[in-house]
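Heads up, the thing below is written out as structure tokens.
Letters go in sequence order (proteins before strands), and every chain restarts at 1.
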2 protein chains.
Amino acid sequence: MHKQEAIKKLKDHNYKLTPQRELILDIMLNQQGYLSVREVYERVKEVFPQVSIDTVYRNLSLLKDINILNETTIGNNIMYVMRKEIHNHTMRCLKCGKIFELDICPLELWINQIKDFEIVDHKIEIVGYCKDCRSNKN
Amino acid sequence: MHKQEAIKKLKDHNYKLTPQRELILDIMLNQQGYLSVREVYERVKEVFPQVSIDTVYRNLSLLKDINILNETTIGNNIMYVMRKEIHNHTMRCLKCGKIFELDICPLELWINQIKDFEIVDHKIEIVGYCKDCRSNKN
DNA sequence: TATTAAATAAGAAATATTTCTTAATTAAGA
DNA sequence: TCTTAATTAAGAAATATTTCTTATTTAATA
């Protein structure tokens, strides 16, 4: 997603483009992988030291509501990542052969933790049985 | 890792095998993917309603110290998973060709969330540049 | 520029997680 | 069985996360 698309989405929903909101969007646009609310907050504070963490919560949640971000919860921690447009991650059914897209990239939660390797690409392939076939494998 | 191996490790470190500790070990042995401290606590409580959450924290951390569990932190949430012996997840350097094992499976954090698909197998392949080659790609 | 609905900061409140203290209990070996 | 160091439950304390309230400010449009 490009910044202009995201801004258009905001306008379409009659949301204003405040400096804090724009910065949060920039942070997410320039980020591979998930960020916790706190991590985003820390980065926003570098530019707006007075920013309220509530502002960060509100904006991340809003960006999720209009499908700019994906949200996930680990324990009690809310985390966000830019929505993917291209899905390289699929689940293939061993019986019917249907391909299901994973709307999350499991690697994204980890990608920031890999320090000693410059990742160029990755691929995830899951095989198994889909909802329809799992009860009727023969 | 089999249960007897884990128990031997405990003995080797002069740790006692209390019922609470054994249950926590059983829970982790029968679990694909990461569990948060709270999730483990909820399961232990089904058997020992009086258990202190501190006991869960203490034991999970101890099992990590003796290399039975892997620990990771998401935000402020501590999560645990059994250590893997067989690594299906590798990073391959595009220059020197070395294979590096990933000591975590990024899928494990997600595997519990996939409800409509019965996973039989999966594979993760990451390509890029290793520490030595990233500064000297030609 | 003036208007106004949306967004903000500040602070408090509500939850949740993690750690600590203490006294009682217990697993394991003598 | 006895001894003892390890472990536990309980409760409090410390920290961290998330949500709410209110008064003020501001982006966008007329």
Side-chain angles (χ1 to χ4, degrees), chain A residues 3-4 6-28 34-66 68-69 71-80 109, chain B residues 3-4 6-27 34-66 68-69 71-80:
Chain A
K3 189 171 178 182
Q4 286 315 311
I7 290 175
K8 184 171 182 314
K9 279 201 176 189
L10 282 167
K11 304 285 178 187
D12 289 349
H13 287 82
N14 289 321
Y15 293 127
K16 297 179 178 175
L17 186 65
T18 65
Q20 294 91 335
R21 183 167 291 165
E22 184 174 7
L23 176 57
I24 289 169
L25 180 59
D26 284 336
I27 288 167
M28 296 310 294
Y34 280 85
L35 286 177
S36 66
V37 176
R38 173 145 298 275
E39 286 169 311
V40 176
Y41 174 59
E42 297 298 340
R43 296 192 195 182
V44 175
K45 262 208 302 200
E46 290 170 13
V47 179
F48 301 108
Q50 304 281 51
V51 73
S52 163
I53 196 167
D54 188 49
T55 296
V56 178
Y57 273 98
R58 222 177 333 96
N59 280 295
L60 288 172
S61 178
L62 180 153
L63 292 172
K64 174 206 62 177
D65 289 343
I66 59 175
I68 291 174
L69 301 182
E71 180 188 275
T72 193
T73 300
I74 300 290
N76 198 47
N77 279 105
I78 308 173
M79 308 193 75
Y80 292 93
L109 265 171
Chain B
K3 188 171 176 182
Q4 287 315 314
I7 289 175
K8 184 171 185 311
K9 277 200 180 191
L10 281 168
K11 303 285 178 185
D12 288 349
H13 288 82
N14 289 320
Y15 292 128
K16 294 178 179 174
L17 186 66
T18 65
Q20 295 91 332
R21 182 167 291 164
E22 184 173 6
L23 176 57
I24 290 169
L25 181 59
D26 284 336
I27 289 167
Y34 281 85
L35 286 176
S36 65
V37 176
R38 174 146 296 276
E39 286 168 313
V40 176
Y41 174 59
E42 297 299 342
R43 297 192 193 182
V44 175
K45 262 208 301 201
E46 291 169 12
V47 179
F48 301 107
Q50 305 280 50
V51 72
S52 163
I53 197 168
D54 187 49
T55 296
V56 179
Y57 274 99
R58 222 177 333 98
N59 280 296
L60 289 172
S61 178
L62 180 153
L63 292 172
K64 173 206 64 177
D65 289 341
I66 59 176
I68 290 174
L69 301 181
E71 179 190 275
T72 193
T73 300
I74 300 291
N76 199 46
N77 278 105
I78 308 174
M79 307 193 76
Y80 292 92

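Comparing C/dT17, C/dA6, D/dC20 by their nearest atom to the side chain of A/Asp54 picks out D/dC20. Among C/dA6, C/dA27, C/dT8, the nucleotide with an atom closest to any side-chain atom of B/Thr18 is C/dA27. Of the listed nucleotides (D/dA28, D/dT17, C/dA27), D/dT17 has the atom at the smallest distance from the side chain of A/Tyr57. The A/Lys16 side chain lies nearest to C/dA7 when the options are C/dA7, D/dT8, C/dT8.
In this model, the phosphate group of D/dA9 is approached by a side-chain N or O of B/Gln20 to a distance below 4.0 Å at OP1 or OP2. Neither OP1 nor OP2 of D/dA16 sits under 4.0 Å from any side-chain N or O of A/Arg38. Put simply, A/Asn59 has a side-chain N or O that comes within less than 4.0 Å of OP1 or OP2 on C/dT8. OP1 and OP2 of D/dT29 both lie 4.0 Å or more from every side-chain N or O belonging to A/Asn14.
Within 4.0 Å of A/Arg21, counting heavy atoms only, lie sugar-phosphate atoms of the nucleic acid but no base atom.
Residues B/Leu63 and B/Leu10 are in side-chain contact: their nearest non-hydrogen atoms beyond the backbone lie under 4.5 Å apart. Within the 4.5 Å cutoff, no side-chain heavy atoms of A/Ile53 are placed close to those of A/Lys45. Using a 4.5 Å cut-off on side-chain heavy atoms (C-beta onward), B/Ser36 and B/Tyr41 make no contact. Counting only heavy atoms from C-beta outward, the side chains of B/Ile66 and B/Tyr15 approach each other to under 4.5 Å.
Atom CG of A/Leu17 and atom P of D/dT25 are 21 Å apart (whole Å). Distance, A/Leu10 CG to C/dA6 C1': 12 Å, rounded to whole Å. Taking atom CZ of residue B/Arg58 and atom C1' of nucleotide C/dT25, one finds them 12 Å apart after rounding to whole Å. For the pair A/Leu35 CG and D/dT17 P, the interatomic distance rounds to 14 Å; values are reported in whole Å. If you measure from atom CD1 of B/Ile78 to atom P of D/dT15, you get 15 Å, rounded to the nearest angstrom. A straight line from CE of B/Met79 to C1' of C/dT17 spans 13 Å, rounded to a whole angstrom. In this structure, B/Glu22 places its CD atom 12 Å from C1' of C/dA27, rounding to the nearest Å. A/Leu60 places its CG atom 15 Å from the C1' atom of C/dT8, with the value rounded to the nearest Å.
Nearest approach of B/Lys64 to B/Tyr80, heavy atoms of both residues: CB-CE2, 3.9 Å.
Position along DNA chain C of the nearest nucleotide to B/Tyr15 versus B/Val37 favours B/Val37 as the more 5'-ward residue. Nearest-nucleotide assignment on DNA chain C puts the 5′-proximal partner with A/Pro19, out of A/Pro19 and B/Lys11.
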Exercise. Step by step, would you call A/Val56 with A/Gln20 a side-chain contact (heavy atoms from CB on, under 4.5 Å)?
Worked result: CA-CA 8 Å; A/Val56 178; A/Gln20 294 91 335; over 6 Å; no
Exercise. Yes or no on side-chain contact (heavy atoms from CB on, under 4.5 Å) for B/Leu35 and B/Arg43, after CA distance, side-chain angles and deciding distance?
Worked result: CA-CA 11 Å; B/Leu35 286 176; B/Arg43 297 192 193 182; 3.6 Å; yes
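Within residues 40-53 of chain A, the residues having any heavy atom under 4.0 Å from DNA chain C are, by residue number, A/Gln50, A/Val51, A/Ser52.
Using modelled atom types, one side-chain atom of B/Arg21 and one backbone atom of B/Lys16 make a donor-acceptor pair closer than 3.5 Å.
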